[in-house]
Number of protein chains: 2
Amino acid sequence: MSEVDSFFKSAFSVDNVIFGFDGGDLKVLLIQRGAPPYKGKWALPGDLVYPNEDIDTAAERVLEQLTGLKGVYLEQVKAFGAVNRHPLGRVITIAYYSLVKTNDFQPTPASFAQSAQWHSVGTVEELAFDHNQILQSCLTQLKQKVRIAPIGFELLPPKFTLTELQHLYEAILETELDKRNFRKKILSMNVLHDLDEIQAGVAHRPAKLYQFDQERYTRFLEEGYTFDV
Amino acid sequence: MSEVDSFFKSAFSVDNVIFGFDGGDLKVLLIQRGAPPYKGKWALPGDLVYPNEDIDTAAERVLEQLTGLKGVYLEQVKAFGAVNRHPLGRVITIAYYSLVKTNDFQPTPASFAQSAQWHSVGTVEELAFDHNQILQSCLTQLKQKVRIAPIGFELLPPKFTLTELQHLYEAILETELDKRNFRKKILSMNVLHDLDEIQAGVAHRPAKLYQFDQERYTRFLEEGYTFDV
DNA sequence: TCAAAAGTGTTCTTATTACACCCATGG
DNA sequence: CCATGGGTGTAATAAGAACACTTTTGA
């Protein structure tokens, strides 16, 4: 084997940390590996990148195979490339995270998985490969990003209450927020559209429903507006 | 060729955006390519990752070959993996940036380069591959990071004046800062050690010299301190 | 004595925090 | 009528922004 060939004796994969929110905890969608190595262990969904496929496309493909979803929020975090991270060869992986609405689909284990299941981020067990480390990096990045960009909405249904939004931020940031201050701040950003609708069928005063106003946000961005929770 | 083999018909490289500061502009160290493709064009220093080499190690190696420096600030940004980003095959690259003190070395073109030279970040010409895009990503990340972590000091000599530090921040953040407010803020963080020394040989009132106090910063971090310019 | 950059405080404005009660609904 | 979560305002404090003059040195 020539020297150049040996450089090409390696592969790359993508791993996708799919975040969801069930109203209480921040969740991550894990698969149980259906093939060695680490058969039976929980892991992040991922796959090798096809030779003629962009890495972003590969990440979208992994997401779609597992959830059926297209066009959801997806962001690359970084590459993981320790020599021995994969027991069967040299495989560098590119980590992504996605934000999905848990009600939009039922996870269907893709070819590479025995099963797929939501796990609370706070109580994730030991995962295959270096996936705990990857999850941690994605979580750190999400925490930062959610404060400076209006991406939290990606985890909520199109219509939501302010309390739901607050609980989402509390779950992601792992902190408690003051109800009045949170509402004041989020409403003062002017990117929520008051739908003039209220919850139905709840055993308490029904809350108003809001919607994220993407158009208005885009317009504000052009004027130099910054989102900042 | 089997299907599995075709997955392994690819390589990965690292590219390292080496930032420096000359007192005025933020600089980036570019090489002029000595071999095809893009022979003669300016590019980011980079190299293929050896089969038995961690990607971080590869980035350190590229840096050392070009500068002779070890142990300097180095941070991964992200991977670039469009199918056609490299004209000769499928090559994914992992982008890093480093912060160096320009006075510590003279760049020596490594084997892969005809020459190496500092360029002002603001006036970088068209580079080889997708390197303009990579540079842009690293710059964006540096801008964010420099505000929340005391890494600016990595670009300055061990002893520096507050005005030099301010000019550095102005160059990175592409903004003007108020002298009094900047000094108040940076001194209130208590991570600068006043050396009780002053500049010599300047045709104006000599400035006091300061040093970044890494130990004190580390101690503060443990107490939950956050750096924030 | 001039030019050039160093050094220094105060006021005003804005953002952040802390905090407690009444309201609407379903059971 | 009770339990549950929804909804609201103000005062105190802290952080950020704006701003001008005196000092020290070398030429």
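Keep in mind that what you see is a predicted model, and the values were worked out from it rather than measured. Lettering of chains follows the sequences in order, A, B, ..., and the numbering in each one begins at 1.
Both Ala207(A) and Asn181(A) lie close to DNA chain D; mapped to their nearest nucleotides by heavy-atom distance, the more 5′-ward contact belongs to Ala207(A). Comparing Asp178(B) and Thr161(B) by the nucleotide of DNA chain C whose heavy atom lies nearest to each, the residue mapping closer to the 5' end is Thr161(B). Annotation: of the two residues near DNA chain C, Leu162(B) and Ile198(A), the 5′-most nearest-nucleotide partner is Leu162(B). DNA chain D is contacted by both Gly201(B) and Tyr210(A); Tyr210(A) maps to the nucleotide lying nearer its 5′ end (nearest heavy atom per residue).
Taking atom CE of Met189(B) as the reference point, atom C1' of dA15(D) lies 12 Å away to the nearest angstrom. Look at CZ on Arg205(A): it is 9 Å from P on dC23(C), rounded to the nearest Å. Rounded to an integer number of Å, the gap from CG of Asp228(B) to P of dA14(D) is 18 Å. Taking atom NZ on Lys185(B) and atom P on dG9(C), their separation rounds to 20 Å, with Å as the unit. At whole-Å resolution of the value, CD in Gln199(B) and C1' in dA4(C) are 12 Å apart. Put simply, NE2 on His204(B) is 13 Å from C1' on dG7(C), counting in whole angstrom units. The interatomic distance linking Leu187(B) (CG) with dG9(C) (P) rounds to 12 Å, in whole Å. Atom pair Leu192(A):CG and dG7(D):C1' shows a separation of 16 Å (rounding to whole Å applied).
Tyr97(B) and Tyr73(B) have tilted rings, their planes meeting at an angle from 30° to 60° on a 0 to 90° scale.
The cationic group of Lys78(B) lies under 6.0 Å from the six-membered ring centre of Phe80(B) and within 45° of the ring axis, placing it in a cation-pi geometry.
The existence of a salt bridge linking Lys41(A) and Glu125(A) is excluded, since no basic side-chain nitrogen approaches an acidic carboxylate oxygen closer than 4.0 Å. Looking at Lys70(A) and Glu60(A), no side-chain N of the basic residue comes within less than 4.0 Å of a carboxylate O on the acidic one, giving no salt bridge.
In this structure, the side chains of Leu66(A) and Thr108(A) stay at 4.5 Å or more apart for every pair of heavy atoms.
Counting any heavy atom pair closer than 4.0 Å across all strands shown, Lys179(A) reaches a base atom.
OP1 or OP2 of dG7(D) has at least one side-chain nitrogen or oxygen of Arg183(A) nearer than 4.0 Å. At the phosphate of dG9(D), neither OP1 nor OP2 sits under 4.0 Å from any side-chain N or O atom of Arg180(A). Residue Thr163(B) places none of its side-chain N or O atoms closer than 4.0 Å to OP1 or OP2 of dA5(C).
Between the side chain of Lys184(B) and the base of dT10(C), a donor-acceptor pair under 3.5 Å is found.
Nearest to the side chain of Lys208(A), among dG26(C), dG7(D), dG26(D), sits dG7(D).
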